[in-house]
Amino acid sequence: MKKHIVLLPGDGIGPEVTKAAKGVLEAVAERYQHTFSFENQDIGGAAIDQQGTPLPEDTVEACKKADAVFLGAVGGPKWDQLPGHMRPEKGLLGIRKQLGLFANLRPVKAFDQLLHASPLKHSVVADSDLLIVRELTGGLYFGEPRERRNNGQSVVDTLAYERFEIERIVDKAFQSARVRRKHLTSVDKANVLESSRMWREVVEEKKAEYPDVEVEHMLVDAAAMKLVTNPSYFDVIVTENMFGDILSDEASVLTGSLGMLPSASVREDGVGLFEPVHGSAPDIAGQDKANPLASILSVAMLLKHSFGMEEEAEQVEKAVQEVLESGYHTADIDLKGGQVVSGSVIAKKVIEQISTSDATENIMRCYV
Ligand code: IPM
Ligand code: MN
């Protein structure tokens, strides 16, 4: 297959982990005889420095033509004092919105080798394997009006949804649950918010179309609590943009391996933007210390979701698993008895595995 991928390296460790992602894509292309072409574009702080805006028009145009987009990370102290519309994060929010990427998928799965680094007791976190499906282009993040009023004495943000926006994310979540353990938790604040009451209504309507999936409603405060008391209770969680932002950060630390977590932001046709969950880590940028595995696992999600390449995706996941088992790791994770190496060495080892290992057997299954 021929595919065109736009790379948005961004800021901090973004360029390093993007390089690792590109190397993995090239190894996959070589092994499976695909033709992948690449194009770099600016976003975030790098785009502010180069072009005076966090989301240049050229970047948006290139992404619109691409089959998939990979993003490293955006943000850093250098740009913290800029006004809101000029912040690096605006680039990320803008590209999600402009590409219509309404579904953010964040799988959190425990790697056995890393569980001792979890802040939770082993018995609590073992067997955790959940997927947060976060609505990404509506809700509190984008609702209008959002402004200061009354000489700065009042302020308003708006949580607004059209029914179709709730329907499509709920559909996506049911579909994800269907190919996992068939359990969906819809998270809201229906005891207080009108938007949540409509969200519940839509979930209730939709469930008839997915009789094989068991669905329940949970208030967001209770869900936050349950995520730390009984994370393995959850299979798929679906929720509003801001609730999903908060819960996905909470979930990301459960398994003791933030540096391992991938994410996908997709729309109905599969086109998507894939990025590691971790941030730009400016304190270690440029030192080849960053863990590339979250980016490499994001490449697995890209192969699967945007290109429909299931076997290739599994090969990448398997390679990551094998490198972890070999004991080599970057300094952010603690593999007992392992050896700390640089990010580029880890990427090289993953690439070697992809190029040489046998056909896949399904070792990890987390990316839906
Ligand atoms: C995330 C990030 C972004 C968000 C920020 C950087 C705007 O926290 O991807 O979760 O809030 O969506
Ligand atoms: Mn976030």
Side-chain angles (χ1 to χ4, degrees), residues 8-14 17-18 21 42-48 53-55 59-60 63 69-108 130-143 146 157-161 165 169 187 220 223-224 227 237-255 257-267 272-283 285 294-295 297-298 301-302 305:
L8 305 175
D11 309 322
I13 59 172
V17 296
T18 302
D42 292 330
I43 197 164
I48 295 171
T53 165
L55 187 59
T59 299
V60 176
C63 291
V69 180
F70 179 89
L71 183 141
V74 294
K78 182 173 173 196
W79 306 280
D80 269 357
Q81 302 311 320
L82 293 172
H85 70 283
M86 277 289 285
R87 299 274 303 248
E89 292 80 2
K90 266 281 170 208
L92 181 56
L93 295 173
I95 197 70
R96 288 171 176 169
K97 187 74 173 173
Q98 297 235 28
L99 295 180
L101 307 174
F102 65 87
N104 185 229
L105 312 178
R106 296 193 173 177
V108 175
L130 60 97
L131 173 70
I132 297 186
V133 179
R134 165 187 172 195
E135 200 293 323
L136 201 60
T137 50
L140 196 51
Y141 270 54
F142 291 96
R146 44 198 292 111
D157 281 298
T158 303
L159 203 178
Y161 272 116
E165 294 178 294
I169 191 73
V187 170
V220 64
L227 263 177
I237 291 175
V238 63
T239 193
E240 184 269 338
N241 202 343
M242 173 69 108
F243 294 158
D245 179 50
I246 296 167
L247 292 182
S248 61
D249 261 35
E250 186 188 1
S252 71
V253 296
L254 296 178
T255 55
S257 49
L258 178 60
M260 301 287 303
L261 298 179
S263 77
S265 304
V266 295
R267 57 186 196 209
L273 181 146
F274 301 82
E275 52 176 318
V277 168
H278 63 67
S280 61
D283 51 320
S295 289
L297 290 170
S298 301
M301 292 188 88
L302 181 157
H305 288 272

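Both counts, for ligands and for their atoms, begin at 1 and track the order of listing.
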*Taking the side chain as C-beta and beyond, is there a heavy-atom pair between Met301 and Leu297 under 4.5 Å?*
no
*Sub-4.0 Å atoms of ligand 1 with respect to non-hydrogen atoms of Arg134*: 1 (C), 4 (C), 10 (O), 11 (O), 12 (O)
*Ignoring angles and geometry beyond distance, decide whether Arg96 reaches within less than 3.5 Å of ligand 1 through its nitrogen or oxygen atoms.*
yes
*Nearest protein heavy atom to atom 4 (C) of ligand 1, by residue and atom, and its distance?*
Tyr141 OH, 3.5 Å
*At under 4.0 Å between heavy atoms, which part of Lys90 makes contact with ligand 1: side chain, backbone, both or neither?*
neither
*Has the side chain of Thr59 got a donor or acceptor atom that lies under 3.5 Å from a matching backbone atom of Ile43?*
no
*When you measure from the side chain of Ser265 to the backbone N and O of Asn104, does any donor-acceptor pair fall under 3.5 Å?*
no
*When rounded to the nearest 0.5 angstrom, what distance separates OG1 in Thr239 from CD1 in Ile169?*
10.0 Å
*Backbone or side chain, does any N or O of Glu89 fall under 3.5 Å from an N or O of ligand 1?*
no
*With a 4.0 Å cut-off on heavy atoms, does Met242 reach ligand 1?*
no
*Flag Asp245 as yes if one of its N/O/S atoms falls below 2.8 Å of the Mn ion (ligand 2), otherwise no.*
yes
_Qualifying residue, where the test is side chain to side chain contact (heavy atoms under 4.5 Å, CB included) with Cys63 and the options are Leu8, Leu273, Leu55_ = Leu8
*Per-atom contacts, ligand 1 versus Asp245 - under 4.0 Å to a heavy atom*: 1 (C), 4 (C), 8 (O), 10 (O), 11 (O)
*Would a distance-only check, ignoring hydrogens and angles, find a side-chain to backbone donor-acceptor pair under 3.5 Å from Arg146 to Tyr141?*
yes
_Do Ile237 and Phe243 make a side-chain contact, defined as non-hydrogen atoms from C-beta onward lying under 4.5 Å apart?_
no
*List the closest protein heavy-atom neighbour of atom 1 (C) of ligand 1: residue, atom name, distance to the nearest 0.1 Å.*
Arg106 NH2, 3.3 Å
